[in-house]
Protein chains: 2
Amino acid sequence: MVTIYDIAAKANVSAMTVSRVINNTGRISEKTKAKVKKVMEEMNYVPNQMARSLVLQQTRILFLLITDITNPFYTTLSRGAEDAATKNGYRLLFGNSDENLEKEAGYMNTILTTRVDGVLIAPTGDPSLPHLEQLRLHNIPFVLLDREVPGIECDIVLGDSKEGARQLVDQLASQGHQHIALVNGSSSVSSARMRRLGYEEALKLNGLPLHEERVFETSFGPRSDLTELDAWISSLDPMPSAIVAGNNVLAVEVIGLLRKRGLRIPDDISIVCFDDFGPYSEIDPFITVVAQQAYQFGYMGMQMLIDRIQNREDAGPWKKIVLPAELVVRSSVKRLLD
Amino acid sequence: MVTIYDIAAKANVSAMTVSRVINNTGRISEKTKAKVKKVMEEMNYVPNQMARSLVLQQTRILFLLITDITNPFYTTLSRGAEDAATKNGYRLLFGNSDENLEKEAGYMNTILTTRVDGVLIAPTGDPSLPHLEQLRLHNIPFVLLDREVPGIECDIVLGDSKEGARQLVDQLASQGHQHIALVNGSSSVSSARMRRLGYEEALKLNGLPLHEERVFETSFGPRSDLTELDAWISSLDPMPSAIVAGNNVLAVEVIGLLRKRGLRIPDDISIVCFDDFGPYSEIDPFITVVAQQAYQFGYMGMQMLIDRIQNREDAGPWKKIVLPAELVVRSSVKRLLD
DNA sequence: TAAATTGGAGTTATCGGTAACGCAAATCAT
DNA sequence: ATGATTTGCGTTACCGATAACTCCAATTTA
């Protein structure tokens, strides 16, 4: 491997001079600068970031940990985070925890040992607390995305889950739906809790009774096995006229299962959900959703993270950004009133 | 930051002994091992991967560079690559070039300076050649995904683009379509070239004439501005009865534009495309596609990469895997025969 | 013209680890 | 009992870069 010393030897200068040329610091004559640069090109020199980070104690690399790389919400978020990072001269590494605490733990390990400058993280849920405490302990700045974790204070970007859920239920109720079920993410995920809360509040406000058995909690991530979900649908009696899905993944899976039963949407059953479908909402925009500003989640979160890193000591109080969600009415809800 | 020396001091041993405990190498008594481990826990020690990599000359980190993080083909592929990497004890970092050569160059820089052990890369196209030559020059093993780059010999995983395109056209022709247009990726991308070739061959085999103006080449990635694409559609005269899209992104965009013109699919115009829609093919499975084995692309590519890394010297000849594509007939094609 | 300043570059120590070697004490073989 | 091994751990050097300091020569200033 070509090192700074190889360059130095060939250019008849000291290693320090080469370093100065690379970083454009200190005082060097244009002549030696040109000479060194020429030798660097000739020898195809590439600086060793690890050696540099070791002495500088910073990497200028940030880490983005998402929970589901196949979900358009997170991929769009990633684009936002990437744009903000690049704009500020940081490189961004991605990880995908797959809504799995162990995978998350694996990435935490990479994060700590790699000594990245900061982390943007969508935690798998409340059990992520120890992971966040680790980051705090090792003084690694981080910003949470989409999900709060009780027990830790930090910068965070959230969606207005409660209000969004209310809007979905209101929308259904306004069309005359009275039997509304909820398929939701795990109650160990704050956004799922808020969505449930919004659902329950909206039922009450619309004068509808709450039936516990109409609420099913599972993972926000895609299931390899749909039998449990299918069993819950079977157990619904009477069949609700509408289902609220806690996110787009659940909506897709539920729709698949309903169709297998020969049910048509919205003729036989209505469905609405959280999160839009990225580009695919374009081709068959038939599901009524509460769309979140995925790109903004990433962009603003990254901006907060970088602010935090660059201010460090005099950083000020923790910031919390709540992004509004927008109801997009399409054609997955049947009108039951006349 | 807690270092190996802090541990050594507190445990009354040398730094080397601590290193031995961490790596479980050399000879240490159970007693000292336990003592050191205890101190490490007490002090929340985390090894500094950069210092370690610097001396070991390897990172056990691999890099996956894809061209469109919002495309289900690539996200599914990513899952496959991740699984294979994890299984072999490697950590995986992701990058997203956005079909953009400059962004790709940026990631190349990260790759070289970070000294990752290997790279799995879907190149943006033929102009990526210098980037690959850089990797070769710096002796970083890499495996190409989905796209060949003339001028470089290496391990590669490809889809059978020509055959896939033939199947799509055959499918249309078998339903009586005679005016078939093609929206394709850039001709600087090998898979786009092969798809075009398959399209042209299939036209000929079906006795259909080739009209240059019915072929439009653009990027495989999502466009921020659809006017050019829309202008091409306007220019088509006569309007073809069917369109073949070079990938799912193009299909989605074209469908959107067609619908804006009030055209219904498949009643007014038929459409078929390369690549499935990931989970979203589930909810409205109306587009006939040639589905590629995205997960396998990632899994097998990663496996090849790791083989290459672990054998290094006696690696054998370059390997080329061609994954078959499967026609999935749905309802986006109108039957024109009686 | 002598003193002070400044420009240009080299020296040395260090970041946090690990490999290779060395060496005393403990264990083994004869 | 004594030489030969083995065990357990320390020393030293180095991975590739940079910060802080030093030093000489050229230039400016008084």
Side-chain angles (χ1 to χ4, degrees), chain A residues 1-37 39-40 43-61 109-117 138-140, chain B residues 1-37 39-40 43-61 109-117 138-140:
Chain A
M1 192 191 314
V2 180
T3 74
I4 207 179
Y5 296 96
D6 302 325
I7 307 292
K10 200 159 195 171
N12 269 312
V13 295
S14 72
M16 198 57 223
T17 301
V18 179
S19 172
R20 289 194 179 103
V21 172
I22 295 169
N23 298 294
N24 212 14
T25 57
R27 296 180 287 235
I28 332 148
S29 69
E30 286 305 318
K31 204 176 130 199
T32 35
K33 189 189 272 188
K35 183 172 61 179
V36 170
K37 278 193 173 169
V39 176
M40 290 202 299
M43 302 187 75
N44 292 299
Y45 172 73
V46 175
N48 186 323
Q49 181 61 39
M50 283 173 316
R52 178 184 259 160
S53 301
L54 191 57
V55 52
L56 291 182
Q57 301 284 35
Q58 62 147 2
T59 57
R60 292 209 65 93
I61 292 180
N109 198 50
T110 306
I111 288 166
L112 290 174
T113 60
T114 308
R115 302 287 203 276
V116 296
D117 291 352
H138 290 278
N139 212 23
I140 299 179
Chain B
M1 193 191 311
V2 180
T3 75
I4 209 177
Y5 295 97
D6 302 325
I7 307 291
K10 201 159 194 172
N12 268 313
V13 295
S14 73
M16 198 57 223
T17 301
V18 178
S19 173
R20 289 195 180 103
V21 172
I22 295 169
N23 298 294
N24 212 15
T25 57
R27 299 177 288 237
I28 332 149
S29 69
E30 285 304 320
K31 204 175 130 198
T32 34
K33 190 190 271 188
K35 183 173 63 179
V36 170
K37 278 193 174 169
V39 176
M40 289 202 301
M43 302 187 75
N44 293 299
Y45 172 73
V46 174
N48 186 323
Q49 180 62 38
M50 283 173 316
R52 177 184 262 160
S53 301
L54 190 57
V55 55
L56 291 183
Q57 303 283 34
Q58 62 147 5
T59 57
R60 295 215 51 101
I61 291 180
N109 199 50
T110 307
I111 287 166
L112 290 174
T113 59
T114 308
R115 301 287 202 276
V116 296
D117 291 353
H138 290 279
N139 211 25
I140 299 178

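Note that these values count all heavy atoms, side chains included, but never hydrogens, waters or copies made by symmetry. This one's a predicted model, so the numbers in the text were calculated from it and none came from an experiment. Throughout, a chain's letter reflects where its sequence line sits, starting with A, and its residues are numbered from 1.
- When side chains are defined from C-beta on, A/M40 does not count as touching A/V2, because their heavy atoms never get closer than 4.5 Å.
- Here the P atom of nucleotide D/dC14 and the CE atom of B/M50 are 23 Å apart, to the nearest Å.
- Residue B/R52 contributes atom CZ, which lies 21 Å from atom P of D/dA17 at whole-angstrom precision.
- If you check every strand for non-hydrogen atoms under 4.0 Å, A/R27 touches a base.
- A pairwise comparison of heavy atoms in B/I22 and B/Y45 identifies CD1-CE2, 3.5 Å as the closest pair.
- A distance-only check finds a donor-acceptor pair linking the side chain of A/T3 to the backbone of A/Y5 [under 3.5 Å].
- Note: CD (A/Q58) to C1' (C/dG16) measures 17 Å, nearest angstrom.
- Counting to the nearest Å, the P atom of D/dA13 and the CG atom of B/L56 are 20 Å from each other.
- In this structure, A/I28 atom CD1 and C/dT6 atom C1' are separated by 16 Å, rounded to whole Å.
- As judged by a 4.0 angstrom heavy-atom cut-off over every strand, A/Q49 is placed among residues making no nucleic acid contact.
- Minimum heavy-atom separation, B/S53 to A/M50: CB-SD, 3.2 Å.
- Between A/Y45 and the phosphate of D/dA17, there is a side-chain N or O to OP1/OP2 separation shorter than 4.0 Å.
- Projected onto DNA chain D by closest heavy-atom contact, A/A51 and A/M16 fall at different nucleotides, the more 5' of which corresponds to A/A51.
- Taking atom NZ of B/K31 as the reference point, atom P of D/dG8 lies 12 Å away to the nearest angstrom.
- Nucleic acid contact for B/V46: sugar-phosphate only, since backbone atoms but no base atoms lie under 4.0 Å from a heavy atom of the residue.
- Regarding contacts with the backbone of C/dG17, every side-chain N or O of B/S19 stays at 4.0 angstrom or more from both OP1 and OP2.
- Taking 4.0 angstrom as the limit, A/S14 places a side-chain polar atom (N or O) nearer than this to OP1 or OP2 of C/dG10.
- Evaluation of atom-type donor-acceptor distances gives no pair under 3.5 Å for the side chain of A/R115 against the base of C/dG16.
- Closest of all the heavy-atom pairs between A/Q58 and A/Q49 is O-NE2, 4.4 Å.
- Per the geometry, CE belonging to B/M40 stands 14 Å off C1' belonging to C/dG17, to the nearest Å.
- Nearest-nucleotide positions on DNA chain C place A/T32 closer to the 5' end than the other of A/T32 and B/P47.
- For A/K35, the NZ atom sits in a packed shell: over 12 heavy atoms of surrounding residues, nucleotides or ligands are nearer than 6.0 Å.
- For A/S29 and C/dA9, the shortest distance from a side-chain N or O to OP1 or OP2 is below 4.0 Å.
- When the side-chain nitrogen and oxygen atoms of B/N48 are compared with OP1 and OP2 of C/dC15, none of them lie within a distance under 4.0 Å.
- Distance from the side chain of B/T17 is smallest for D/dC9 among the nucleotides D/dC15, D/dC9, D/dA17.
- Straight-line distance from the CZ atom of B/R20 to the C1' atom of C/dA20: 10 Å, rounded to whole Å.
- Summarising the geometry of B/A15 relative to B/A8, their closest heavy-atom pair is N-CB, 3.6 Å, with the distance given to 0.1 Å.
- Mapped onto DNA chain D by nearest heavy atom, A/V18 and B/N12 fall at different nucleotides, with B/N12 at the one closer to the 5' end.
- Residue B/Q57 places at least one side-chain N or O closer than 4.0 Å to OP1 or OP2 of D/dG16.
- Axis angle between the ends of the helix from C/dT1-D/dA30 to C/dT30-D/dA1, five pairs each and rounded to 10 degrees, works out to 40°.
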